[in-house]
Amino acid sequence: SISFNIVMKGLCNAGNVDEAFKVLKEMEGSGCDPDYVTFNTLINGLCRVSRVEEGFRVLREMRGRKNCRPSVVSYTTVILGYCREGKLDEAVRVLEEMVESGEKPNLVTYNILLDGFCKAGNVKRAEGLFGKMVDYDVVSYTTMIDGYCKVGQTGEAIRLMNEMQAKGIVPNVYTYSAMISGFCKENKLGEAVCLLEEMRERGIIGKTFMYNSVLDGISKSGNLDQANQIFEKMLESGCKPNKITYTILIYGHCMKARMNEAIGLFHEMLQVGCEPDNVVVAALVSCLLKAAMHKEAKSIIHSLLAKGFSPD
RNA sequence: UCAUAACGAUU
């Protein structure tokens with residue numbers, strides 16, 4: 001049944017719950033007993049596609065089966081489903097039902113509720129729960145940090161980041177990502193840059209979107225030298241730029257009339273296989289024309305054609 | 001073999 005479970009998980013993750021239920025039928029037909037993992041997988045599949053009620057029903061049906069008692073994972077999965085729908089009251093109700101039936105919530109259960117409260121706009125309630133928890137991990141902290149960042153409380157978020165490290169909990173790429181996008185939204189670019197650096201020093205490879213938001217802020221503030229420097233570090237650290245990264249930088253250089261660098265970036269972009277969209281091309285070409293660099297403008301169009309792209 | 005956190009970031 002392990003193989004069946006794996007197939008079902010694949011189907012569920014692809015959003016194909018109904019197919020997964022067909023597999024369940026096949027299992028039963030072939031004398032293979034579904035186990036608690038099978039049902040948990042189905043519950044998760046249903047919750048992922050917003051069929052939480054049905055997921056909850058599957059959980060209840062588990063109670064009638066031998067050796068398939070609903071576990072902490074079953075309940076937690078349903079709680080997650082309700083949290084994602086923003087139905088926190090329902091989520092809490094399931095939690096209570098879980099406790100009544102003798103199943104103890106674990107750290108994952110609490111982490112999910114923390115996130116649910118934060119995402120529902122109730123950071124205070126998340127804070128309350130966080131204060132009552134006895135056990136924390138990097139997810140608990142990152143969830144709260146993200147919650148604070150999303151409501152503009154980066155100071156509180158940083159405080160938690162220090163606190164977690166004092167407890168020996170190490171921030172990971174999720175933690176940095178939450179903090180950095182929080183700082184970027186507040187236009188605290190200096191802080192964002194510092195955290196990017198700290199992250200690299202710790203050997204964590206950042207994600208492209210993290211660099212993009214920092215680069216965007218820095219470019220728009222007109223500090224192209226710094227943007228270029230961060231871009232260098234990004235490449236050195238092994239983080240791959242994408243089309244958006246190049247778009248940000250090309251724009252930035254155009255705005256500062258640094259056309260040769262803009263052109264250089266454009267060619268680099270083509271070389272690494274990023275397809276520029278018409279918006280960047282239009283911006284670049286029109287800037288070149290304004291700067292009376294007609295030859296260069298033409299050559300941009302030619303490079304595009306040579307690569308098989310069609311500029312409109 | 002099952003459940004949790006960051007990203008719709010460029011125009």
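Naming: A, B, ... by sequence-line order, numbering from 1 per chain.
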Pair A:Phe130 + A:Tyr136: ring centers closer than 6.0 Å
yes

Separation of atom CG in A:Leu129 from atom P in B:U4, rounded to whole Å
18 Å

When the distance from CD1 of A:Ile43 to C1' of B:C2 is rounded to whole Å, what number comes out?
10 Å

Using a 4.0 Å heavy-atom cut-off, does A:Asn106 contact any base of the nucleic acid, only the sugar-phosphate backbone, or nothing at all?
base

Residues two or more places apart in sequence or in another chain: which of them pass side-chain contact (heavy atoms from CB on, under 4.5 Å) with A:Cys274?
A:Lys243, A:Tyr246, A:Met269, A:Val272

Whole Å only: how far is the CG atom of A:Asn44 from the P atom of B:C2?
11 Å

Strictly under 4.0 angstrom, non-hydrogen atoms only: write out the protein contact profile of nucleotides 6-11 of chain B, one letter per nucleotide from the 5' end, B, S or -.
BB-BBB

Nearest-angstrom distance from the residue atom CG of A:Leu160 to C1' of B:A5:
14 Å

What's the CG-C1' distance between A:Leu46 and B:A3, to the nearest Å?
14 Å

Using whole Å, what does the distance between atom P of nucleotide B:A3 and atom CZ of A:Arg48 come to?
9 Å

A:Glu127 side chain to A:Tyr148 side chain, donor-acceptor N/O pair below 3.5 angstrom:
yes

Heavy atoms from other residues, nucleotides or ligands near NZ of A:Lys167 exceed 12 (cutoff 6.0 Å)
yes

Grab the NZ-C1' distance between A:Lys9 and B:A3 for me, whole Å please.
9 Å

Under 4.0 angstrom, heavy atoms only, what part of the nucleic acid is A:Ile112 near: base, sugar-phosphate, or nothing?
sugar-phosphate

Using the rule given for side chain to side chain contact (heavy atoms under 4.5 Å, CB included), can you reason through A:Lys132 versus A:Tyr110, listing the C-alpha separation, both sets of side-chain angles and the distance that settles it, and then say yes or no?
CA-CA 10 Å; A:Lys132 282 190 225 146; A:Tyr110 290 123; over 6 Å; no

Just wondering, are more than 12 heavy atoms of other shown residues or ligands nearer than 6.0 Å to NZ in A:Lys87?
no

